[in-house]
Amino acid sequence: MSVPDSFEERPPLIIPMTDLRSLRAVVVAARPPHPRAEVAAWLAEELDRATVVPPEAVPAKVVTMHARVAYRDDVTDHVGCMTLVYPGEEDAEVPAVSVLSPVGAALLGLSEGQSIRWRTASGGLRGLTAVRVLFQPYEVAVTGDRFHEAIRFRSP
């Protein structure tokens, strides 16, 4: 896996502060000779360029950790649905993808309708589009002009 080529602008990303701390720990734990070190390096670059926001300011249509998202593989046109999880949280009963996989690292921080493309280590082109965020664990409750944190973790 390699980072997206310079011929293409990478889309803006939004990451909640609470996810950022945990994701940085994942990146540190996956340094070489870890088998996912290359994906972890790309994830670290994505985290560095992301806009980091407080949990109460995360838009509902952003792919965060534990979000359930419908996505399209832009090369094959396959449409899938999965929950983005930390390594080790994958569950055979619920379609889940680790953030340390190329698909997971690519979708993290995208908003509905955004796409990202990259070249694989073998030179092939990959691309994904976040079609729809079906569940997102950060909810913002707006009352008048004030924002109130209303973070709830619930099943999709």
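We number each residue from 1, following the sequence as shown. On a predicted model such as this, the values are computed, not experimentally measured, just so you know. Atoms considered below: every heavy atom in the structure, side chains included; atoms not considered: hydrogens, waters and symmetry mates.
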**Student:** Before we go on, tell me: are the rings of Y86 and H66 under 6.0 Å apart, centre to centre?
**Tutor:**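 Yes: the rings meet the under 6.0 Å criterion.
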**Student:** How close do S111 and V62 get, heavy atom to heavy atom, and via which atoms?
**Tutor:**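 In this case the closest contact between S111 and V62 is OG-CG2, 3.5 Å.
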**Student:** To check you understand the geometry: which heavy-atom pair defines the closest contact between G127 and V75, and what is its length?
**Tutor:**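 What the structure gives for the nearest pair is N-CG2, 3.9 Å.
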**Student:** Would you mind reporting whether L110 and T129 have side-chain heavy atoms less than 4.5 Å apart?
**Tutor:**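 Of all side-chain heavy-atom pairs linking L110 with T129, none is under 4.5 Å.
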**Student:** Heavy-atom distance under 4.5 Å between the side chains of P59 and I14, does that happen here?
**Tutor:**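 Side-chain contact under 4.5 Å: yes.
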**Student:** CD1/I15 to CZ/R49 distance, rounded to the nearest 0.5 angstrom?
**Tutor:**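 If I round to the nearest 0.5 Å, the distance is 9.0 Å.
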**Student:** Students often mix this up, so state it plainly: with edges at 30° and 60°, are the rings of H78 and Y71 parallel, tilted or perpendicular?
**Tutor:**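 Rings of H78 and Y71: perpendicular, over 60°.
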**Student:** Within the structure provided, determine whether V85 and V99 are in side-chain contact (heavy-atom separation under 4.5 Å).
**Tutor:**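 Sidechains of V99 and V85: no contact.
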**Student:** Is there a path of hydrophobic side-chain contacts, each under 4.5 Å between heavy atoms, that joins V133 and V131?
**Tutor:**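 No.
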**Student:** Quick one: do M17 and L43 end up in the same hydrophobic cluster if we chain Ile, Leu, Val, Met, Phe, Trp and Tyr together by side-chain heavy atoms under 4.5 Å apart?
**Tutor:**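 As far as the 4.5 Å side-chain criterion goes, L43 and M17 are connected within one cluster.
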**Student:** Looking at every non-hydrogen atom in both residues, tell me the closest pair between A106 and W118 and how far apart they are.
**Tutor:**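 Nearest heavy atoms, A106 then W118: CB-CZ3, 3.5 Å.
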**Student:** Is it true that a side-chain atom of E90 and a backbone atom of G88 form a donor plus acceptor pair closer than 3.5 Å?
**Tutor:**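 Pair found, side chain donor or acceptor close to backbone of G88.
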**Student:** Hey, which of L108, V52, L13 is the one that makes side chain to side chain contact (heavy atoms under 4.5 Å, CB included) with L47?
**Tutor:**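 Testing L47 for a side chain to side chain contact (heavy atoms under 4.5 Å, CB included) against L108, V52, L13 leaves exactly one candidate, L108.
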**Student:** Mind checking whether C81 and L134 have side chains closer than 4.5 Å, heavy atoms only?
**Tutor:**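 Yes. Closest side-chain heavy atoms under 4.5 Å.
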**Student:** Checking salt bridge (charged side-chain N to carboxylate O under 4.0 Å, His left out) for the pair R126/D73: CA distance, chi angles, key distance, verdict?
**Tutor:** CA-CA 8 Å; R126 288 292 315 263; D73 182 315; 3.0 Å; yes
**Student:** Specify the closest pair of heavy atoms between H34 and A29, including all atoms of both residues, with the distance to one decimal.
**Tutor:**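 Smallest heavy-atom distance, with atoms named: CD2-O, 3.8 Å.
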**Student:** Give the intermediate values and the outcome of salt bridge (charged side-chain N to carboxylate O under 4.0 Å, His left out) for residues R24 and D48.
**Tutor:** CA-CA 10 Å; R24 290 271 185 221; D48 288 344; 2.9 Å; yes
**Student:** Side-chain contact test, heavy atoms from C-beta onward, threshold under 4.5 Å: evaluate it for L84 versus V63 and give yes or no.
**Tutor:**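 Sidechains of V63 and L84: in contact.
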**Student:** After noting the C-alpha distance and the side-chain angles of T83 and F135, does the key distance pass the side chain to side chain contact (heavy atoms under 4.5 Å, CB included) rule?
**Tutor:** CA-CA 9 Å; T83 299; F135 166 77; over 6 Å; no
**Student:** If I compare all heavy atoms of P11 with all of Q114, which pair ends up nearest, and what's the gap?
**Tutor:**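 So the minimum-distance heavy-atom pair works out to CB-NE2, 3.8 Å.
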**Student:** After noting the C-alpha distance and the side-chain angles of R72 and D74, does the key distance pass the salt bridge (charged side-chain N to carboxylate O under 4.0 Å, His left out) rule?
**Tutor:** CA-CA 6 Å; R72 181 181 65 244; D74 296 333; 3.0 Å; yes
**Student:** Assess the residue pair R10 and E46 against the criterion (side chain to side chain contact (heavy atoms under 4.5 Å, CB included)); give the C-alpha distance rounded to whole Å, side-chain angles, the decisive distance to 0.1 Å, and a yes or no.
**Tutor:** CA-CA 9 Å; R10 290 189 277 177; E46 295 294 270; 2.9 Å; yes
**Student:** If I compare all heavy atoms of L100 with all of A30, which pair ends up nearest, and what's the gap?
**Tutor:**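 Here L100 and A30 meet closest at CD1-CB, 3.8 Å.
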**Student:** Is it the case that the side chain of Q136 and the backbone of V69 share a donor-acceptor pair, with hydrogens and angles ignored and the cut-off at 3.5 Å?
**Tutor:**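 Between the backbone of V69 and the side chain of Q136 there is no qualifying donor-acceptor contact (under 3.5 Å).
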